[in-house]
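In what follows, chains are A, B, ... by sequence order, proteins preceding strands, each numbered from 1.
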Protein chains: 2
Amino acid sequence: MTDIDTDNSPIPERKRGSGVKMVYDLLRDEILDLVLPPGSPIDEVQLAERLKMSRTPIREALVRLAGEGLIDTLPNRSTMVANIDFLNLNPFFDALVLMYRVTTRLAAQNHRPEDLAVIRGFHEDYAAAVKSRDALTMIATNAAFHAAIAEAGRNPYFTSLFRRLLDEGRRILRLYYQSYEEQFPQRFVDEHAAIIAAIAARDIEAADRLGKAHAEQIVEQVQKLFARNNKLDIAL
Amino acid sequence: MTDIDTDNSPIPERKRGSGVKMVYDLLRDEILDLVLPPGSPIDEVQLAERLKMSRTPIREALVRLAGEGLIDTLPNRSTMVANIDFLNLNPFFDALVLMYRVTTRLAAQNHRPEDLAVIRGFHEDYAAAVKSRDALTMIATNAAFHAAIAEAGRNPYFTSLFRRLLDEGRRILRLYYQSYEEQFPQRFVDEHAAIIAAIAARDIEAADRLGKAHAEQIVEQVQKLFARNNKLDIAL
DNA sequence: TGTATTTTTCTTGTCGACAAATAAAATACA
DNA sequence: TGTATTTTATTTGTCGACAAGAAAAATACA
């Protein structure tokens with residue numbers, strides 16, 4: 001309602017065809033970083049004004065986000081950021097652990113030399129984020145690291161499911177990492193290094209084992225954070 | 001080009017909001033039944049005329065289909081039915097076998113009584129289709145049967161990936177089942193019955209084993225059909 | 001005849017407008 | 001004051017139109 005941003009539009013013109021992708025990327029980032037928390041209403045008209053474009057490309061971006069489960073659309077009514085079913089994260093954890101295993105295993109089996117460079121790049125980004133205690137970057141680069149491993153596994157079906165799970169993981173982690181956590185990150189840096197080594201050595205069984213262990217570590221940590229937070233919630 | 005269907009439109013009016021779903025369902029069916037074979041161009045304007053609606057809801061349906069990998073969209077150019085990578089079906093088979101196992105196992109673990117009724121319903125539909133040697137219905141009900149099992153497993157992440165794989169499977173099977181196959185179907189009816197029994201008994205290990213065996217049977221059959229067909233292709 | 005350049009045709013991406021569906025507000029009634 | 005009904009306002013789903021890009025056709029030139 002307050003008429004801010006009267007004249008600070010650094011995007012006077014846009015290339016044809018870039019509209020949907022721009023909206024999609026923007027909303028996706030804002031959703032995954034919890035700038036738009038679960039349940040937030042999404043107003044097409046407001047977005048159209050903010051981005052200075054018509055509702056058509058915005059709607060198409062919303063359809064895409066809905067297809068990926070990031071937003072929910074009630075027919076003829078509002079559309080809002082998808083909620084997270086905190087009461088039962090088991091299906092999420094089950095799928096996550098399995099995909100960690102499968103993708104790491106396939107990466108050991110099918111990766112090409114150039115894949116390793118990409119993976120190592122994200123590994124270093126993650127390590128840097130841990131060092132500088134930047135939670136948001138940590139979460140994002142961790143997801144990128146594992147997505148890169150999945151790509152190296154060369155199974156698009158697994159990759160796309162895993163990407164979706166990693167996205168959801170970003171939201172969940174973000175929720176519990178407003179402030180940084182002490183021992184969580186460094187251990188993961190080491191585990192990542194071990195996973196890379198197993199993949200590079202094409203040791204499929206080791207990759208599988210490490211992937212599984214890593215996944216279970218993460219799940220355990222999240223559940224721990226969760227239990228603690230639930231107590232806080234009850235305390236309120 | 002031939003101007004058929006000049007006046008046989010039994011859909012003079014449509015409910016508001018049903019547009020996209022109608023187009024989505026129609027195109028999805030036509031794609032999965034190979035009425036629109038891989039590579040077919042999809043013309044928005046033509047569709048708009050055929051369905052007597054504007055291009056907007058059609059485009060939104062296309063965005064959704066693209067998200068599920070059923071169509072490919074080249075920016076500023078044509079959009080067409082997604083191709084099938086026949087040269088390397090291994091990623092597909094890998095994902096399919098794993099999802100067969102996982103969903104069957106989870107169904108044994110998590111199903112509720114009402115789920116069994118649904119599953120048995122599709123089982124009977126499939127058996128009936130086999131008896132009447134109706135290939136198209138056979139393929140569709142087989143997919144519905146396994147999708148129902150996945151639903152009973154209650155893991156939406158696995159379910160949605162499996163649905164996508166079953167869809168792709170429908171296209172592949174359809175390609176090689178123009179005419180019916182002799183021994184293929186009946187064996188599968190029996191295997192389906194065994195799977196149902198394992199699920200009903202909540203025998204998780206048996207469900208896993210049967211699901212895996214069933215999946216590998218299917219993969220083997222498809223590969224056999226494939227090898228034979230490749231010879232025919234070469235012979236041409 | 002074959003290649004390069006311009007013109008035309010076609011398709012897509014985006015826009016502004018309008019009407020249906022719903023929610024919110026206002027009013028009537030008990 | 002509390003509930004039911006009408007009125008208003010908001011938001012969504014759909015439409016027809018138009019211009020940007022790309023493909024196809026036509027033309028120029030060697």
Q: Let me know, please, whether A:P57 or A:P75 comes out on the 5' side of the other along DNA chain C by nearest nucleotide.
A: A:P57

Q. Could you give the CE-to-P distance, from B:M53 to D:dG16, as a whole number of Å?
A. 12 Å

Q | Spacing of B:E49 atom CD relative to C:dC10 atom C1', expressed in whole Å | A | 13 Å

Q. Considering only side-chain heavy atoms of A:D43, which listed nucleotide, C:dT12, D:dT12, D:dG16, is closest?
A. D:dT12

Q: Over 60° means perpendicular and under 30° means parallel, so classify the ring planes of A:H146 and A:H192, tilted if in between.
A: perpendicular

Q. Which is true for B:T73 with a 4.0 Å heavy-atom rule: it touches a base, it touches only sugar-phosphate, or it touches nothing?
A. nothing

Q: Could you check how far CD of B:Q46 sits from C1' of C:dT11, rounded to whole Å?
A: 12 Å

Q) When you check the phosphate oxygens OP1 and OP2 of D:dG21, does a side-chain N or O of B:R77 lie under 4.0 Å from one of them? A) no

Q.
Using 0.5 Å steps for rounding, measure from the CG atom of B:D134 to the OG1 atom of B:T141.
A. 8.5 Å

Q: Go through the side-chain N and O atoms of B:R164 and A:S160 and say whether any donor and acceptor fall under 3.5 Å apart.
A: yes

Q. Picking from D:dC15, D:dG21, D:dC18, which would you name as closest to the side chain of B:N76?
A. D:dG21

Q | Inter-residue atom distance A:N83.CG - A:R171.CZ, 0.5 Å rounding | A | 7.5 Å

Q) Rounded to whole angstroms, how far apart are CZ on B:R55 and P on D:dC15? A) 12 Å

Q. Any side-chain N or O of A:S54 less than 4.0 Å from the OP1 or OP2 oxygen of C:dC15?
A. yes

Q.
Could you check whether the side chain of A:R16 and the base of C:dT12 have a donor-acceptor pair of N or O atoms closer than 3.5 Å, going by distance alone?
A. yes

Q: Using atom CG of B:L74 as one end and atom C1' of D:dA20 as the other, report the distance to the nearest whole Å.
A: 17 Å

Q) A:S18 side chain to A:R14 main-chain N or O, any donor-acceptor pair under 3.5 Å? A) no

**Q.** Atom-pair distance (CZ on A:R14; C1' on C:dC15), nearest Å
**A.** 11 Å

Q. Taking CE from A:M22 and P from C:dT14, how many angstroms apart are they, rounded to a whole number?
A. 10 Å

Q.
How many whole angstroms separate atom NZ of A:K15 from atom P of C:dT14?
A. 13 Å

Q.
When both hydrogen-bonding distances must be under 3.5 Å and the geometry is Watson-Crick or G-U wobble, what is D:dA30 paired with, if anything?
A. C:dT1

